[in-house]
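First the structure, in the form of structure tokens, and then the observations on it.
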Amino acid sequence: MNPATRPDSPLRPPLRVARAEAVSVLPRGANLAYEPKFDGHRMLIFRVDGETVLQARSGRIVTGAFPDLAEAGRALPEGSVLDGEVVVWTGGRTDFAAVQRRATATPGRAPALARRLPASYAAFDLLAEGGEDLRGLSYEARRRRLVALLAPLGPPLQAVPMTLDPEEAANWYASLPAIGVEGLVIKRLDQTYQTHLGGARAWRKLRHTAVRDAAVVGFTGPPERPAALVVTVPDDDAPVVTAPLTPALRPQAAAALPPLAAVPGEPPRAMAVGIGAVAYLPVEPGLMAEVEQRTTRHGTTSVVRLRLPQDLDADDAETDDGP
């Protein structure tokens, strides 16, 4: 037996995750499964050594930011690993701005935010169960075990819907954007769980548009005239530097960018951090932007429009310095 599949050798973070290749038309076939693509943050949930560990797609450990999901994960059997999407529902639809606020919460404010903006976990894969590595099984087998594992538990850990009917998938694609679902993910039933290591991506994703909501986490250039924004997009917690802002957007960004404030009782955060060779000034969460992502040799993310942050509850400031 492969040591990685023994119950006493569970999968541990950090793990690479499977990725999807964008397509422009809905794939059809007898061997395909269709899932809705939720507008949230990609996350792995590990139940290992009696603890729950949450890992973002980048490999960053984010357990402290989601105490509600960490607590829910305690119901999973030892040696389990889930792959899925964290979402926050507000007003009957997914709210990526709320997810970003949760993802960037400090330990002091995370419990209060969890009460105000409870997270849900839309699981779409089961990578391990009871310490057994399931990544070499077919998607069909993993899906069957995922549903069996989560059905008795219920919210906030739930399996995403899935259909084998392309017509039902087409109806989902047409109707679900009203609740914040950005498209579909298509997988072959006989496919193993394949991570992206420079080769072709195994899954397919069909989005409604190349324009997506993004959370602004920083900017480059002087505060009075920012040169570019630093954003995170749904499904990925890794910051991305946008293309240079247009002359019309620069004064708007300067006026809208919220200052970085120190959190009482916690050490101040660094004012400049790097993405590769790029340094940027971080900002408090809240500002959103519509961005267009184009797949080129290097890939580009361009800001189309800025969106002012939603009004926050008056009690938010009172809970930021909580225990």
Subject >> Qualifying residue for side chain to side chain contact (heavy atoms under 4.5 Å, CB included) with L44, from V17, V53, D125 >> reply: V17

Original post:
What's the verdict on side-chain contact (heavy atoms from CB on, under 4.5 Å) for R207 and E182, showing C-alpha distance, side-chain angles and the deciding distance?
Top reply: CA-CA 6 Å; R207 288 200 187 107; E182 65 174 0; 3.7 Å; yes

Original post:
Would E292 and T301 count as a side-chain contact (heavy atoms from CB on, under 4.5 Å) if you check the C-alpha gap in whole Å, the side-chain angles of each, and the deciding distance to 0.1 Å?
Top reply: CA-CA 6 Å; E292 183 176 13; T301 301; over 6 Å; no

**OP:** Please examine the side chains of E290 and V303, heavy atoms only from C-beta on, and report whether any two atoms are closer than 4.5 Å.
**Re:** no

**OP:** Under the side-chain contact (heavy atoms from CB on, under 4.5 Å) rule, what do I45 and L76 come out as? Steps first, then yes or no, please.
**Re:** CA-CA 9 Å; I45 298 182; L76 296 171; 3.9 Å; yes

Subject >> Between CZ on residue R225 and CZ on residue F219, distance to nearest 0.5 Å >> reply: 13.5 Å

Subject >> side chain to side chain contact (heavy atoms under 4.5 Å, CB included) partner of F124, chosen from F38, W203, Y139 >> reply: W203

**OP:** To the nearest 0.5 Å, tell me how far Q252 CD sits from T246 OG1.
**Re:** 7.5 Å

Original post:
Quick one: do E21 and R204 make a salt bridge, cutoff under 4.0 Å?
Top reply: no

Original post:
Is there side-chain contact between L127 and L82, with heavy atoms separated by less than 4.5 Å?
Top reply: no

Original post:
For A215 and F96, which heavy atoms make the closest approach, and how far apart are they?
Top reply: N-CE2, 3.6 Å

Original post:
Can you tell which of R145, R47, R144 makes a salt bridge (Lys or Arg N to Asp or Glu O under 4.0 Å) with E129?
Top reply: R145

Subject >> L249 with L281, same ILVMFWY side-chain cluster at under 4.5 Å >> reply: yes

**OP:** Would you check if there is a donor-acceptor pair between the side chains of R74 and T52 at a distance under 3.5 Å?
**Re:** no

**OP:** Kindly indicate whether the side chain of Y34, heavy atoms from C-beta on, has any atom under 4.5 Å from the side chain of M162.
**Re:** no

**OP:** Begin with the C-alpha distance, continue with both residues' side-chain angles, and end with the deciding distance and a verdict on salt bridge (Lys or Arg N to Asp or Glu O under 4.0 Å) for E35 and K187.
**Re:** CA-CA 8 Å; E35 301 171 349; K187 305 172 182 178; 3.0 Å; yes

**OP:** Decide yes or no for L189 and L32: does some side-chain heavy atom of the first lie under 4.5 Å from some side-chain heavy atom of the second?
**Re:** no

**OP:** For residues V233 and V240, determine if any side-chain heavy atom of one lies less than 4.5 Å from a side-chain heavy atom of the other.
**Re:** no

Original post:
What's the verdict on side-chain contact (heavy atoms from CB on, under 4.5 Å) for D49 and R12, showing C-alpha distance, side-chain angles and the deciding distance?
Top reply: CA-CA 10 Å; D49 297 334; R12 299 176 184 275; 2.6 Å; yes

Original post:
Would L157 and V88 show up in the same hydrophobic cluster when neighbours are defined by side-chain heavy atoms closer than 4.5 Å?
Top reply: no

**OP:** Check whether the side chains of Q191 and S138 place a donor and an acceptor atom closer than 3.5 Å, and report yes or no.
**Re:** no

Original post:
Distance-only, no hydrogens or angles: does the T163 side chain make a donor-acceptor pair with backbone N or O of E168 under 3.5 Å?
Top reply: no

Original post:
Can you get from V241 to V217 by hopping between Ile, Leu, Val, Met, Phe, Trp and Tyr side chains that sit under 4.5 Å apart?
Top reply: yes

Original post:
How long is the span from the OG1 atom in T94 to the CG atom in D39, to the nearest 0.5 Å?
Top reply: 4.5 Å

Original post:
How many angstroms lie between atom OG1 of T104 and atom CD of Q100, to the nearest 0.5 angstrom?
Top reply: 5.0 Å

Original post:
What's the verdict on salt bridge (Lys or Arg N to Asp or Glu O under 4.0 Å) for E85 and R57, showing C-alpha distance, side-chain angles and the deciding distance?
Top reply: CA-CA 10 Å; E85 201 90 6; R57 194 185 86 172; over 6 Å; no

**OP:** Please check if L245 and V231 belong to a single hydrophobic cluster, counting links between Ile, Leu, Val, Met, Phe, Trp and Tyr side chain heavy atoms closer than 4.5 Å.
**Re:** yes

Original post:
Does any N or O in the side chain of R93 come within less than 3.5 Å of the main-chain N or O of A178, such that one atom is a donor and the other an acceptor?
Top reply: yes

Original post:
Which heavy atom in P244 sits nearest to a heavy atom in R250, and how many Å separate them?
Top reply: CB-NH2, 4.2 Å

Subject >> Nearest heavy atoms of A119 and D68, plus distance in Å >> reply: N-OD2, 3.0 Å

**OP:** Mark yes or no for whether Y121, through its side chain, and G84, through its backbone, hold a donor-acceptor pair below 3.5 Å.
**Re:** yes

Subject >> Where A105 and L113 come nearest, the two heavy atoms and their spacing >> reply: CB-CD1, 3.7 Å

**OP:** Heavy atoms only: give me the nearest V230-P239 pair and the separation to one decimal.
**Re:** CG1-CB, 3.6 Å

Original post:
Does V81 belong to the same Ile/Leu/Val/Met/Phe/Trp/Tyr cluster as L153, with side-chain heavy atoms less than 4.5 Å apart forming each link?
Top reply: no

**OP:** Any chance you could measure L206, atom CG, to W172, atom CH2, to the nearest 0.5 Å?
**Re:** 13.5 Å

Original post:
Got a donor-acceptor contact below 3.5 angstrom from the E78 side chain to the G50 backbone?
Top reply: yes

Original post:
Which value, rounded to the nearest 0.5 Å, describes the distance between L176 atom CG and N171 atom CG?
Top reply: 9.5 Å

Original post:
What residue among L126, D83, L137 forms side chain to side chain contact (heavy atoms under 4.5 Å, CB included) with Y193?
Top reply: D83

Original post:
What are the two closest non-hydrogen atoms of M288 and A97, and how far apart are they?
Top reply: SD-CB, 3.6 Å

Original post:
Any donor-acceptor pair under 3.5 Å linking the side chain of R102 with the backbone of A65?
Top reply: yes

